[in-house]
Amino acid sequence: MKKEVILSRYRIYSEGTPADVVIYRDFSKFVDSYELTHVHFKEATKRVMAYLKEKIVSGINVKLSELLDRRKSEEIKKRLKESAHKIVSEEFPSLSGHEESLIVGKLIQEMLGLGTLEFLLSDPNLEEIVVNSYKEPIRVYHKEFGWLNTNVFIKSEEQIRNYASIIGRKVGRQITNLRPLMDAHLISGSRVNATLFPISTKGHGFTIRQFAKEPWTMVHFISPKLNTLNSEAASLFWLCMQYELSILVGGGTASGKTSFLNTMLAFIPPNQRIVSIEDTREIVLPQFLNWTPLTTRLPNPEGEGGVTMLDLLVNSLRMRPDRIVVGEVRRKEEAEVLFEAMHTGHAVYATIHADDALRVVTRLTSPPINLDEGMLGALQLIDVQYRQRRTGIRRTYEIAEVIPSEGGIDLNILYKWDARADKLLKVGTSVRLVENLTMHTGMTKRELSKDLKDKQLILEEMQKESITKVDDIGKIVAAYYREPDYVIEMTNKSKLKKMIGEYL
């Protein structure tokens with residue numbers, strides 16, 4: 001039997017401090033390993049760093065209100081870094097620039113972050129970081145290699161609780177013996193779920209779900225590397241978003257529902273108002289769009305001050321939105337308001353846990369949501385995302401249009417993923433979408449077909465020119481709405497990247 005083989009190695013940085021990662025397979029174990037190597041300070045250096053922390057804190061004036069304000073976090077970090085560099089250079093003038101940077105980086109990790117965990121949070125290849133207890137190694141989910149055991153431990157049960165409390169305080173949430181469950185998010189946007197003993201019977205623990213530093217876009221999704229869907233289907237979503245058709249995105253846990261929802265929203269015209277409602281802020285849109293993001297808030301320990309998704313949803317209808325985006329539909333009241341908004345002429349987009357289009361309908365019409373099937377006629381399109389747990393790939397599994405019928409609805413499957421070929425195949429012809437679009441836009445079926453081809457051509461050219469940033473894609477989409485012929489001309493000349501610079 002083989003003993004060991006290295007699968008990958010690379011370097012990551014946190015606050016300018018380097019760490020090396022080696023992923024290897026030990027054939028005597030059933031799970032592959034993620035080994036993190038970074039600078040460790042001796043006990044004497046640790047005592048010096050404790051002294052430096054006190055000096056830095058006493059030398060910088062940071063108010064409690066600033067520490068709790070997410071918008072000022074980068075400014076505070078900058079001030080602390082400047083103060084740390086100044087104090088370290090004064091106290092230890094003989095240190096090299098590299099040594100000074102290492103010490104300052106470690107100080108910032110410990111003062112504003114989660115210590116060694118910051119290295120894992122800085123690894124763009126990790127999607128999940130899991131702490132089950134201080135007795136076990138931290139587990140991570142790697143984009144390429146799946147679940148891995150690490151060589152990183154948290155030293156005590158109390159340290160796990162401290163980390164959970166630090167995260168909670170930064171976003172105004174608490175985790176206590178009376179409230180042993182907490183959903184929160186880091187400044188980076190990563191989502192954190194923490195549980196305390198005895199609810200978590202192994203001991204205190206938490207799970208951090210990381211999101212891409214650069215948001216996924218439809219151009220990423222149509223690339224051969226990700227192969228989430230094809231450009232033909234992507235152009236259909238663009239057309240639907242342009243003409244205000246309502247869409248639900250279904251899928252299982254971590255299947256990419258919110259990411260897919262986010263990619264579609266870049267196709268919204270810039271002259272319309274968007275209101276988004278989420279438990280944790282995950283949606284990222286082009287900066288120039290007219291967008292108001294809203295997030296829920298838990299009640300304080302006295303049970304006051306809570307703001308629910310339903311509160312925000314009802315309130316959003318008074319904000320004159322053209323588009324309403326809901327992170328996830330879970331309850332009957334939310335679904336009722338959501339579909340009422342559709343019936344009153346708003347374009348609505350949301351995610352829901354369901355494995356295919358039929359199950360989306362079943363979830364909406366069964367307890368606890370329990371909507372009347374007749375209400376679903378206001379919805380035009382259902383997209384379902386799929387994640388294969390064994391390989392980690394994510395695919396658009398199914399695209400279906402919703403067709404109102406006598407007392408209910410029918411589903412017309414337009415695209416379906418073929419697992420053997422690993423392709424999204426067209427399996428049906430649109431009925432309702434074509435009828436709606438020809439009626440509301442005045443375009444003929446031939447003109448609609450050409451419009452779809454033009455959008456497909458632009459998407460494929462963006463992919464060729466590696467235009468993947470959400471702001472850049474938003475500018476091209478907005479330019480297309482204003483000057484379609486010009487954008488098509490620049491597409492044919494392979495000059496879309498050059499064109500982006502023409503717009504503010």
Side-chain angles (χ1 to χ4, degrees), residues 221 228-229 233-234 236-237 240-241 244-265 276-279 282-283 309-310 313 323-343 346-389 394-405 407-419 424-428 430-433 436:
F221 283 177
T228 303
L229 78 166
L236 175 65
F237 285 112
C240 292
M241 295 300 291
E244 303 181 51
L245 303 187
S246 293
I247 302 172
L248 274 187
V249 180
T253 301
S255 60
K257 300 184 296 296
T258 304
S259 295
F260 195 86
L261 176 66
N262 199 77
T263 66
M264 295 193 302
L265 299 177
S276 66
I277 298 163
E278 301 173 272
D279 285 326
E282 296 178 38
I283 289 169
M309 194 167 278
L310 180 62
L313 194 49
R323 317 281 182 125
I324 299 172
V325 184
V326 179
E328 187 178 342
V329 181
R330 300 188 189 95
R331 300 171 186 87
K332 180 176 183 178
E333 294 81 3
E334 296 163 2
E336 285 177 339
V337 175
L338 198 72
F339 277 87
E340 189 61 39
M342 290 185 205
H343 281 282
H346 298 86
V348 173
Y349 312 97
T351 69
I352 186 169
H353 271 85
D355 293 331
D356 58 35
L358 182 59
R359 284 186 176 87
V360 169
V361 174
T362 303
R363 274 217 67 195
L364 290 171
T365 55
S366 305
I369 297 177
N370 214 24
L371 290 180
D372 185 279
E373 193 173 312
M375 290 190 73
L376 272 56
L379 177 67
Q380 277 102 357
L381 202 65
I382 295 173
D383 167 80
V384 180
Q385 296 300 117
Y386 167 72
R387 173 193 173 211
Q388 190 179 81
R389 294 184 184 279
R394 291 175 173 88
R395 297 289 183 264
T396 297
Y397 177 73
E398 205 169 58
I399 302 171
E401 64 177 356
V402 180
I403 303 174
S405 62
I409 61 161
D410 293 322
L411 293 175
N412 179 26
I413 308 299
L414 304 178
Y415 291 87
K416 199 171 185 73
W417 180 58
D418 183 320
L424 186 67
L425 302 179
K426 189 171 184 179
V427 294
S430 172
V431 178
R432 183 188 182 187
L433 294 183
N436 281 6

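The figures that follow rest on heavy atoms only: side chains count, while hydrogens, waters and symmetry mates do not.
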Hey, mind stepping through M309 and V326 against side chain to side chain contact (heavy atoms under 4.5 Å, CB included) and telling me if it holds?
CA-CA 8 Å; M309 194 167 278; V326 179; 3.7 Å; yes
Apply side chain to side chain contact (heavy atoms under 4.5 Å, CB included) to L229 and D383, showing your working.
CA-CA 11 Å; L229 78 166; D383 167 80; 6.0 Å; no
Could you go through F339 and L364, starting from their C-alpha distance and side-chain angles, then the distance that decides it, and tell me whether this counts as side chain to side chain contact (heavy atoms under 4.5 Å, CB included)?
CA-CA 11 Å; F339 277 87; L364 290 171; 3.9 Å; yes
Candidate pair T351 and F260, rule side chain to side chain contact (heavy atoms under 4.5 Å, CB included), full reasoning:
CA-CA 9 Å; T351 69; F260 195 86; over 6 Å; no
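Proximity of L245 to L381: side-chain heavy atoms (C-beta onward) are nowhere separated by under 4.5 Å. In this structure the side chain of L424 never reaches within 4.5 angstrom of the side chain of R395, judged on heavy atoms. Residues V361 and V402 form no side-chain contact, since every pair of their non-hydrogen atoms from C-beta on lies 4.5 Å or further apart. Between M264 and C240 the shortest side-chain heavy-atom distance does not fall below 4.5 Å. Side-chain contact between R363 and I352 is present, with at least one heavy-atom pair separated by less than 4.5 Å.
The shortest non-hydrogen separation linking L261 to A350 is CD1-N, 4.2 Å. Shown here for E328 and E334, the closest heavy-atom pair between the two residues is O-OE1, 4.0 Å. Nearest heavy atom pair, residue L236 against residue L433, reads CD1-CD1, 4.1 Å. Minimum interatomic distance between E278 and I283 (heavy atoms only, all atoms of both residues): OE2-N, 3.2 Å. For the residue pair V329 and A335, the shortest heavy atom distance occurs at CG1-CB, 3.8 Å. Contact between A341 and I324 at its shortest, heavy atoms only, is CB-CD1, 4.1 Å.
Taken from CG in L338 to CD in E333, the straight-line distance is 13.0 Å, to the nearest 0.5 Å. The CG atom of L265 lies 9.0 Å from the CD1 atom of I247; values are rounded to the nearest 0.5 Å. Rounding to the nearest 0.5 angstrom, the gap separating the OG1 atom in T228 from the CZ atom in R394 is 9.0 Å. Interatomic distance, CE of M342 versus CD of Q380, reported as 8.0 Å (0.5 Å rounding). Atom CD of E340 and atom NE2 of H346 lie 10.5 Å apart (nearest 0.5 Å). With values rounded to the nearest 0.5 angstrom, D372 atom CG is found 10.5 Å from E336 atom CD.
For R323 (side chain) and M241 (main-chain N/O), a donor-acceptor pair under 3.5 Å exists by modelled atom type. One N or O on the side chain of E398 and one on the backbone of A357 form a donor-acceptor pair closer than 3.5 Å. No donor-acceptor distance shorter than 3.5 angstrom exists from the side chain of R331 to the backbone of P368, with no hydrogens or angles considered. Here the side chain of K257 pairs a donor or acceptor atom with the backbone of G252 at under 3.5 angstrom.
Classification of the Y386-Y397 ring pair by plane angle, with boundaries at 30° and 60°, yields tilted.
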